[in-house]
Amino acid sequence: MATPGVGAACLAPSAAAAPRRPSYARPRLHLVRRRCVAELSREGPVSRPLHSPAQQLAPPVVPGFLAPPTPLPTVPDAGVGDLGPELQFQGIEEDSVDRTVVIASEQDSEIIDAKEQFPAKVTRSIVFVTGEAAPYAKSGGLGDVCGSLPIALAARGHRVMVVMPRYLNGSSDKNYAKAFYTGKHIKVPCFGGSHEVTFFHEYRDSVDWVFVDHPSYHRPGSLYGDNFGAFGDNQFRYTLLCYAACEAPLILELGGYIYGQNCMFVVNDWHASLVPVLLASKYRPYGVYRDSRSTLVIHNLAHQGVEPASTYPDLGLPPEWYGALEWVFPEWARRHALDKGEAVNFLKGAVVTADRIVTVSQGYSWEVTTAEGGQGLNELLSSRKSVLNGIVNGIDINDWNPTSDKCLPYHYSIDDLSGKAKCKAELQKELGLPVRADVPLIGFIGRLDYQKGIDLIKMAIPDLMREDVQFVMLGSGDPIFEGWMRSTESSYKDKFRGWVGFSVPVSHRITAGCDILLMPSRFEPCGLNQLYAMQYGTIPVVHATGGLRDTVETFNPFGKKGEEGTGWAFSPLTVDKMLWALRIATSTYREHKPSWEGLMKRGMSKDHTWDHAAEQYEQIFEWAFVDQPYVM
């Protein structure tokens, strides 16, 4: 079927996904595309006729963002009215004027068979918008989630696109080597000018990875800053990303078909939070994306994308939408007496306009509604509690699997744990520690900062080193804590090792070789290291907060069905409580080997896969489409 030109029509996909490249058979549907409004200036190939030049869809009548703010007259339907007589026959069904028209054919049985192959009840077009996704760009758990969850959803039959920046800083350039230039570009009117961005595309693991390219993404340093701090133009960089993400489903013909208007936008953290605001303020008033929905996923509420209120006109939003992003700092947080504290808050804009809100654990979904964990948004999030849910992240068992991990010297499984003892001995050798199987080896992996509770570890080490234990830490961050790790290693040469920096292979070997993983985080939206630890038979000792409380069950030797639990979760967060939990764990390791083995096996038997999380996200999407868009 010929594809209409860019900006002339857009596809609203039906329940079955559009024909793609996967190996399994997909239904060949005749699709009649309804004309949509072009919201940005677009350039692409010349339109091709649907059946004949006389029947070609007309160009868009309504201009894009450069159009006057007053609503324009309804555009007459060019999808059905312009059909030739050969298509106007019994068998055409139109669910609604904004949905795809499916023409019945002799391939009905093939369509039914194709649907039966999908694990999901309803397949959708899903667009992830994120500032990072592994393996292309990653700075933390956000990159892990957006690199794995889309693949899990695609495996369940959905058509999935991930939109993220194309970061080029020298070392990361090779990550985009397989992405090709799509030939499509748009001009975004914001920040006092018209800024051109282009699109690159890679099809991998049944997911369309779309990279937004602009010179602001090409610079040395990390994703969001360098040695001098956060980049001063981050608001501009991610405004471009959000505009580009809204246009990508309308203009990019990926696998021969655009995604169209009936999409579920999954926006992650503040970097993508302008997307639901754009949908409500600049698309739906012109009849575009009326059938779309948006889900905000909060990975860390501490980062909200707050900038001075004077920057609002730069965003290209209508003046009447200022209230959606308006933010006023409390008096104690203002710089001086004349400071009014007025600002714009990207994340707040998504909280008030998204159809559903998800946090990365059930515990965190409650914490963000409290004054202690809400970071100033607790009252607003409480007002939307009816659409607020928590879903624990999964882990990629292709990378984190003790039976096949390429970073480990020995492999093991829940049925044969002998390889874990060998991994411990090899880790002790690698670190220069005495090789002793009877000594509990405690590990820590993470950033060296206040959130992770490094100050508590620092205060506890003198007491802990009096015990017959070994301790290894891997991480980087605050220079003060980095220096402390080096000096502590010199003070306890046979008991303590501190690896300043980060190494993926070393993190795998520490996870497998340690007996206990310590996580005394002050707050932890989800946490992945405790999931990795349980997958590898390492017992987590954690502060009972957020996702740590949700995923780690405290050991109970007198449970209703015998011994229960996968680790220890202590509270409140004090040095004494942390040392108490560690001493209980180490004594269990030494004196109750059968109980320790039970802890290991219960943790390893837990289902921490992304497929389990993907199923829960599907339920959230279903609820979102039951209701009308939250903001029309």
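Just so it is clear, the structure is predicted and the values come from calculations on it, not from any experiment.
Aromatic ring pairs are classed by plane angle as parallel below 30°, tilted from 30° to 60° and perpendicular above 60°; the pair H271 and Y224 is parallel. Y203 and H201 have tilted rings, their planes meeting at an angle from 30° to 60° on a 0 to 90° scale. Using bins of under 30°, 30° to 60° and over 60° for the plane-to-plane angle, the ring pair Y176/Y136 lands in the parallel bin. In this pair, F496 and F471 present their aromatic rings parallel. The plane angle is below 30°, not in the 30 to 60° band. Using cut-offs of 30° and 60° for the angle between ring planes, the H508 and W400 rings count as parallel.
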For salt bridge (charged side-chain N to carboxylate O under 4.0 Å, His left out), just list the numbers for D213 and R166, CA-CA rounded to whole Å, side-chain angles, deciding distance to a tenth of an Å, and then say yes or no.
CA-CA 5 Å; D213 194 55; R166 183 171 176 257; 3.0 Å; yes
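Under the 3.5 Å distance criterion, with hydrogens and angles disregarded, no donor-acceptor pair is assigned to the side chains of Q362 and D550.
For residues 128-153, the pairs satisfying salt bridge (charged side-chain N to carboxylate O under 4.0 Å, His left out) are K138-D144, with sequence neighbours left out.
Geometric assessment of R237 against the ring of F231 yields a negative cation-pi assignment under the 6.0 Å and 45° thresholds.
No more than 12 heavy atoms of other residues, nucleotides or ligands sit less than 6.0 Å from atom CH2 of W366. Summarising the local packing, CG of D607 is surrounded by more than 12 heavy atoms from other residues, nucleotides or ligands at distances under 6.0 Å.
By the 4.0 Å N-to-carboxylate-O rule, K452 lies too far from D478 to be salt-bridged with it.
Residues passing the side chain to side chain contact (heavy atoms under 4.5 Å, CB included) test with S273 are W270, L296, F346, L347, A350, sequence neighbours excluded.
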